[in-house]
J.: 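Dumping the structure here so I can ask a few things about it.
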Amino acid sequence: MAMISNFLDSILFWAAWIIIPLIMEIIPSVGSILILGKKKLFAKEYQDPLFWPEVTLIIPVYNSESSLEECIRSIDASDYPNGKMRIFLVNNQGKDNSFQVYAKCQEQYPDLLMQWLNAKQGKSRALNLALFNADGKYIIHVDSDGQFEPHAIRNMVRKFEACPEVDCMTGAILTMPQLVEGYRGVFARLLRKMEFMEYAQAFLAGRNYASETNSIYTLSGAFSAFRKSAVLKSQLYNTDTICEDTHITFQMRFLQKIRVEICENAIFCVDPIEGVDKLYTQRQRWQRGSLEVSHQFSGQELKVHKMFTNVMVRTLLYDHTFAFPRLIWYLALLCLMCMNYSAKVIFVSTGMIFLLYIISGFLYYFSTVGFLGEFPELRAYYMRQWYVVPLLPFFNFLIFFIRFAGVINSINTDSAWKTRTLTDEGKDFWATLKEELEKPLRLLEKARKAVNEE
């Protein structure tokens, strides 16, 4: 009986550690390799349509003075006919000189049909205002801090025209290699390289697998496209959440029963993260927005028993429900040393878990190399960053705690784009700690005064 008990204890110990990376990391990474092989063997050649349709590009503008000109320049430099594009720049109550940049671009790129709109505060309101004025067959919205790869718009429209059953797609988002390399300092550059690798693997490998299995969770707010006929049947962009891209994805999937796909050769490059504070607020905002959207759609098919068949349920459990036991397991490592587990078993098991994540990372790495075949410069840069792959589990470990903080901070605070930075919370933490440590000293001082008065 003792042998059986020890065996079951070992099974439970290893299962508790392995089940999450197995379901959420290993299986999708192997799947991405299989999807790559399928696409290479049965490649679809989308032909150019006889007539290129009109498209509407929507660019929300909020204090975008430093990046807006490059974004517009990339549209002009794209190989999609300028006469078939109409561009709405929707001012989201910014305070800088973005309008002057727009006016300058009107002179520099006279072939582009651009229009400036002033919207109420909030990205969702800005997007909705432009949608009401859009007249293109396809609606493409992008962030103002990025640049199109020259073939991105053409590749996106070509797939739409060749696949009439496809009504919405996300593009592939990468960070700009030249800006990544422009950072000085080993840590600063390494942080941006890990972000670059994370984006590349998530969009080119991860979302290709998710697209093939109809399990894409979010149409990226930085670059996504819709048939106008489909998006106007929706409830448009929700103004009560900071994750409007996830909300409209849920609308497409649950309310309109539409497949959500990726166009992997439509690439949009955005600025690297500005720093740790920006990373902290960005990932918390994503986490909080996801919670808001899932709550709004809780009456749909988001049932626990559908974990293995519904990607929304699986992702929510992984990001939110599993966050607490995962945190407990991290803290329990110290407690296990006080039980019957030796330090060797603990370190070896933890090392094996990280090894699984590293293997998963390299599977994603090789499939991403394959998906970048059309883009030799990006592919060469990505391949040179192979040494970053073993570091990605640690980066993801950091991201987990940031997102966990987002879960905690969402409990007693309202939805807002302005999220407290790590620096702000650090200052409050030390101020609170100092105040708590001073309490015994103040009590001691009061006691000393009372004794001296007597």
J.: Could you go step by step and tell me if Phe223 and Met156 meet the side-chain contact (heavy atoms from CB on, under 4.5 Å) rule?
T.: CA-CA 11 Å; Phe223 178 26; Met156 183 77 81; 3.4 Å; yes
J.: Show, in sequence, the C-alpha distance, side-chain angles and deciding distance for Lys193 and Glu181, and conclude whether the salt bridge (Lys or Arg N to Asp or Glu O under 4.0 Å) test is met.
T.: CA-CA 8 Å; Lys193 286 187 175 184; Glu181 293 298 325; 3.4 Å; yes
J.: To the nearest 0.5 Å, what is the distance between CD on Glu244 and CZ on Arg125?
T.: 12.0 Å
J.: Within the side chain of Arg379, is there an N or O that forms a donor-acceptor pair under 3.5 Å with the backbone of Thr368?
T.: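 No: the side chain of Arg379 does not pair with the backbone of Thr368.
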J.: Would you check if the side chain of Thr218 reaches a backbone N or O of Thr246 as a donor-acceptor pair within less than 3.5 Å?
T.: no
J.: May I ask you to decide whether Lys159 forms a salt bridge with Glu261, counting only side-chain N to carboxylate O separations under 4.0 Å?
T.: yes
J.: Roughly how far, to the nearest 0.5 Å, is OG1 of Thr249 from CD1 of Ile258?
T.: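 If I round to the nearest 0.5 Å, the distance is 11.0 Å.
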J.: Using atom types as modelled and distance alone, determine if a side-chain donor or acceptor of Ser224 lies under 3.5 Å from a backbone N or O of Gly221.
T.: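 No, the answer is negative, given that no donor and acceptor are paired below the 3.5 Å cut-off.
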J.: Rounded to the nearest 0.5 Å, what separates atom CG in Asn97 from atom OG in Ser66?
T.: 11.5 Å
J.: When the ring planes of Phe254 and Phe250 are compared, do they come out parallel, tilted or perpendicular, using 30° and 60° as the limits?
T.: perpendicular
J.: Go through Glu69 and Gln108 one step at a time and tell me if the side-chain contact (heavy atoms from CB on, under 4.5 Å) criterion holds.
T.: CA-CA 10 Å; Glu69 182 176 352; Gln108 287 183 318; 3.1 Å; yes
J.: Can you see which heavy atom on Leu392 is nearest to which on Glu198, and at what distance?
T.: CD2-N, 4.5 Å
J.: Would Ile248 and Phe226 satisfy side-chain contact (heavy atoms from CB on, under 4.5 Å), going step by step from the backbone distance to the final call?
T.: CA-CA 11 Å; Ile248 202 163; Phe226 305 84; 4.1 Å; yes
J.: Ring centroid separation for His141 and Tyr237, is it under 6.0 angstrom?
T.: yes
J.: Could you report the tightest heavy-atom contact between Asn133 and Phe88, atom names first, then the distance?
T.: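 Answer, listing the atom of Asn133 first, then Phe88: O-CZ, 3.4 Å.
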J.: Measure the shortest side-chain to side-chain distance between Gln235 and Leu255 over non-hydrogen atoms and say whether it is less than 4.5 angstrom.
T.: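 Sidechains of Leu255 and Gln235: in contact.
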J.: Is there a side-chain contact between Pro393 and Ile358 in this structure, where contact means two heavy atoms from C-beta onward sitting under 4.5 Å apart?
T.: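 Yes; the side chains approach each other to less than 4.5 Å.
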J.: Under 6.0 Å between the ring centres of Tyr102 and Phe99?
T.: yes
J.: If we ignore hydrogens and angles and just use 3.5 Å, is the side chain of Asp76 paired with the main-chain N or O of Ile72 as donor and acceptor?
T.: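 Answer holds: no.
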J.: Is there a side-chain contact between Leu179 and Asp271 in this structure, where contact means two heavy atoms from C-beta onward sitting under 4.5 Å apart?
T.: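 Contact flag for Leu179/Asp271 side chains = yes.
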J.: With sequence neighbours excluded, give me every ring pair (Phe, Tyr, Trp, His ring centres under 6.0 Å) pair touching residues 161-209.
T.: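 Every ring pair (Phe, Tyr, Trp, His ring centres under 6.0 Å) pair that includes a residue of residues 161-209, provided the two are not neighbours, is Phe196-Tyr381.
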J.: Work out which heavy atom in Gln147 is nearest to a heavy atom in Glu70; give both atom names and the distance.
T.: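 Shortest heavy-atom contact: NE2-CB, 3.5 Å.
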J.: For Ser234 and Val231, indicate whether the former's side chain and the latter's backbone hold a donor-acceptor pair under 3.5 Å.
T.: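 Such a contact is found between Ser234 side chain and Val231 backbone.
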J.: To check you understand the geometry: which heavy-atom pair defines the closest contact between Ala230 and Gln256, and what is its length?
T.: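 That would be O-NE2, 3.2 Å.
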J.: If you round to the nearest 0.5 Å, how far is OG of Ser229 from CD1 of Ile139?
T.: 9.5 Å
J.: Less than 4.5 Å apart, any side-chain heavy atom of Tyr382 and any of Leu204?
T.: no
J.: So Asn155 and Ile153, do their side chains get closer than 4.5 Å, heavy atoms only?
T.: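 Answer no - side chains too far apart.
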J.: Counting heavy atoms not belonging to Glu377, are there more than 12 under 6.0 Å from its CD?
T.: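 Not buried by this count: 12 neighbours or fewer within 6.0 Å.
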J.: Verify the neighbour count for atom OH of Tyr387: are there more than 12 heavy atoms of other residues, nucleotides or ligands below 6.0 Å?
T.: yes
J.: Does Leu127 form a side-chain contact (heavy atoms from CB on, under 4.5 Å) with Val90? I'd like the steps, not just the answer.
T.: CA-CA 7 Å; Leu127 291 168; Val90 194; over 6 Å; no
J.: For Glu65, does its backbone N or O pair with a side-chain atom of Asp96 as donor and acceptor, under 3.5 Å?
T.: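 Judged by distance alone, yes, a pair lies under 3.5 Å.
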J.: Indicate the atoms forming the closest heavy-atom contact of Pro53 with Lys137, along with that distance.
T.: CB-CD, 3.9 Å
J.: Whether the side chain of Arg154 engages the backbone of Asp79 through a donor-acceptor N/O pair (distance < 3.5 Å, no angle test) should be reported.
T.: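 Between the backbone of Asp79 and the side chain of Arg154 there is a qualifying donor-acceptor contact (under 3.5 Å).
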J.: Can you tell me how far CG of Leu378 sits from SG of Cys269, rounded to the nearest 0.5 angstrom?
T.: 5.5 Å
J.: What heavy-atom pair brings Ser32 and Leu363 nearest, and what distance separates the two atoms?
T.: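 Closest heavy-atom pair between Ser32 and Leu363: OG-O, 4.3 Å.
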J.: Taking the six-membered ring for Trp and the single ring otherwise, decide whether the centroids of Phe354 and Phe394 are under 6.0 Å apart.
T.: yes
J.: When you measure from the side chain of Ser215 to the backbone of Ser211, do you find a donor-acceptor pair of N or O atoms at a distance under 3.5 Å?
T.: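 No.
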J.: For Lys233, does the NZ atom sit with more than 12 other heavy atoms under 6.0 Å from it, leaving out its own atoms?
T.: no
J.: With rounding to the nearest 0.5 Å, note down the distance linking OG1 in Thr170 to CD in Glu264.
T.: 11.5 Å
J.: Output every pair passing salt bridge (Lys or Arg N to Asp or Glu O under 4.0 Å) with a member in residues 201-227, not counting sequence neighbours, ordered by first then second residue.
T.: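 Of all non-adjacent pairs touching residues 201-227, those that pass salt bridge (Lys or Arg N to Asp or Glu O under 4.0 Å) are Lys38-Glu212, Asp167-Arg227.
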J.: I need the full list of side chain to side chain donor-acceptor pair (under 3.5 Å) pairs touching residues 49-61, with sequence neighbours left out, sorted by first then second residue.
T.: none
J.: For Gln201 and Gly361, indicate whether the former's side chain and the latter's backbone hold a donor-acceptor pair under 3.5 Å.
T.: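 Pair found, side chain donor or acceptor close to backbone of Gly361.
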J.: Check the surroundings of atom CD in Glu165: do more than 12 heavy atoms from other residues, nucleotides or ligands lie under 6.0 Å from it?
T.: yes
J.: Would you find a donor on one side and an acceptor on the other, under 3.5 Å apart, between the side chain of Tyr80 and the backbone of Pro150?
T.: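 Side chain of Tyr80 to backbone of Pro150: no pair is present.
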J.: Is there a side-chain contact between Val270 and Phe268, using heavy atoms and a 4.5 Å cut-off?
T.: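 When only atoms from C-beta onward are counted, Phe268 and Val270 do touch, with a gap below 4.5 Å.
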J.: Is Asn92 close to Val61 at the side-chain level, that is, under 4.5 Å between some pair of heavy atoms?
T.: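 No, side chains not in contact.
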J.: Looking at Asp143 and Lys123, does any basic side-chain N land under 4.0 Å from a carboxylate oxygen?
T.: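 Result for this pair is yes, salt bridge flagged.
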J.: Any non-hydrogen side-chain atom of Phe395 less than 4.5 Å from a side-chain atom of Leu279?
T.: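 Yes, at least one pair of side-chain atoms sits under 4.5 Å.
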